[in-house]
Amino acid sequence: FVYIFTRRPIFVNSIKISLIVTIVGTLMSVTVTAMTAFPLSNVRLPGRKILIMVFIFAWLFDPGLVPSYLLVRELRLADTLWALILPPLLLVFFMLLMKNYFEGIPEDLIDAARIDGATNTRVLFRIILPISLPVVATISLFYAISYWNSYFLARLYITTPNLKPLQLYLFELVTELEQADQRQLETATDQLLRAPLPSIRAASVLVSVVPIAIVYPFLQKYFAKGLVVGSVKG
């Protein structure tokens, strides 16, 4: 732990970057997911089945890494935090999970709100989401874990050291130690440099898990209910 916390001054900055990406990414992803799932949950939406099939087709037949990389480069998102947030902004599986949950909400409640003059946006954010906390909490946790654990996008798009998230920092740390000359490490006068590699790996894993482990207990009561109820309808 001392090696991880003190050997690299960029460590604290990497935690800050990971927190920014996780918080901003989760808020944006949950918002976009809800705004997509809400209209698709309305059986009276024209072309609803076609739209759902388009989302499922795009989910099953992913274009791959090269088109995604070219798109990010053309949009000039490379070497910015948006390259870590926008590509996984909407995951179709979570959208379908939320859509199925919304379909279980009585339509009379929505119709009553619309009769009172509420717009679709007001219905979603003031009525639907507050009574959908289980599925919102579940999907928020999934998105947060996805953003927090992601290092591949950072390795692919981020070159500026100050923009590297924690997962990429830990990956590079362990990789550099593996490539170092073992004899040089064993003869090093600095005791920190002689730390066993398995111990550094274990400490790295623990450091990356602690934030999610702190958040999970607050969402645990919603987790199982949101996952099961949202997957009842097919």
Is a donor on one side and an acceptor on the other found under 3.5 Å between the side chain of [X] and the backbone of [Y]?
| X | Y | value |
| --- | --- | --- |
| Thr80 | Leu77 | yes |
| Asn162 | Asn13 | no |
| Thr26 | Thr22 | yes |
| Ser41 | Lys99 | no |

Determine, step by step, whether Tyr147 and Ser18 satisfy the side chain to side chain donor-acceptor pair (under 3.5 Å) criterion, reporting the C-alpha distance in whole Å, the side-chain angles of both residues, the deciding distance to 0.1 Å, and the verdict. CA-CA 8 Å; Tyr147 279 112; Ser18 290; over 6 Å; no

Grouping I, L, V, M, F, W and Y whenever their side-chain heavy atoms are under 4.5 Å apart, do [X] and [Y] come out in a common cluster?
| X | Y | result |
| --- | --- | --- |
| Ile131 | Leu97 | yes |
| Phe171 | Trp148 | no |
| Val43 | Phe55 | no |
| Leu27 | Ile17 | no |
| Phe93 | Leu40 | yes |

Show your working on side-chain contact (heavy atoms from CB on, under 4.5 Å) between Leu129 and Phe102 and close with a plain yes or no. CA-CA 9 Å; Leu129 290 182; Phe102 288 165; 4.0 Å; yes

Taking only Lys NZ, Arg NE, NH1 and NH2, and the carboxylate oxygens of Asp or Glu, determine whether Glu172 and Arg155 approach each other closer than 4.0 Å. no

Write down the atom of [X], the atom of [Y], and the distance for their closest heavy-atom approach.
| X | Y | result |
| --- | --- | --- |
| Thr159 | Lys164 | O-CE, 4.2 Å |
| Pro67 | Gly64 | CD-O, 3.7 Å |
| Met95 | Ala37 | O-CB, 3.6 Å |

Which distance, rounded to the nearest 0.5 Å, do you find between the [atom1] of [X] and the [atom2] of [Y]?
| X | Y | atom1 | atom2 | result |
| --- | --- | --- | --- | --- |
| Lys49 | Ile56 | NZ | CD1 | 12.0 Å |
| Thr31 | Leu89 | OG1 | CG | 9.0 Å |
| Thr36 | Leu96 | OG1 | CG | 10.5 Å |
| Asp79 | Thr160 | CG | OG1 | 3.0 Å |
| Leu168 | Ser14 | CG | OG | 9.0 Å |
| Phe38 | Phe125 | CZ | CZ | 10.0 Å |

Let's go through Ile139 and Leu91 carefully: what are the C-alpha distance in whole Å and the side-chain angles of both, what is the deciding distance for side-chain contact (heavy atoms from CB on, under 4.5 Å) to 0.1 Å, and is it a yes or a no? CA-CA 10 Å; Ile139 291 177; Leu91 299 182; over 6 Å; no

Can you confirm whether [X] sits close enough to [Y] that some side-chain heavy atom of one is under 4.5 Å from a side-chain heavy atom of the other?
| X | Y | value |
| --- | --- | --- |
| Ser140 | Val30 | yes |
| Tyr151 | Leu166 | no |
| Val24 | Leu81 | no |
| Pro88 | Leu153 | yes |
| Trp82 | Val72 | no |

Tell me if the aromatic rings of Tyr69 and Tyr157 count as close, with their centers under 6.0 Å from one another.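 Ring centroids of Tyr69 and Tyr157 are less than 6.0 Å from each other.
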
Would you please test Leu86 and Met28 for side-chain contact (heavy atoms from CB on, under 4.5 Å) and show each step? CA-CA 9 Å; Leu86 294 182; Met28 292 182 61; 4.2 Å; yes

With sequence neighbours excluded, what pairs up with Thr33 under the side chain to side chain donor-acceptor pair (under 3.5 Å) test? Tyr143

By side chain to side chain donor-acceptor pair (under 3.5 Å), which residues pair with Arg48, not counting sequence neighbours? Glu103

Got a sec: does the CD1 of Ile50 have more than 12 other heavy atoms crowding it under 6.0 Å?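 Atom CD1 in Ile50 is not crowded, with 12 or fewer foreign heavy atoms closer than 6.0 Å.
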
Using distance only, find each side-chain donor-acceptor pair of residues 104-120 under 3.5 Å and give its atom names and separation, not counting sequence neighbours.
unit_1, atom_1, unit_2, atom_2, d
Asp111, OD1, Arg44, NH2, 3.4
Arg114, NE, Asn120, OD1, 3.3
Arg114, NH2, Asn120, OD1, 3.0
Thr119, OG1, Arg122, N, 3.3

Between Phe94 and Thr138, does the side-chain contact (heavy atoms from CB on, under 4.5 Å) criterion hold? Intermediate values first, please. CA-CA 9 Å; Phe94 297 154; Thr138 301; over 6 Å; no

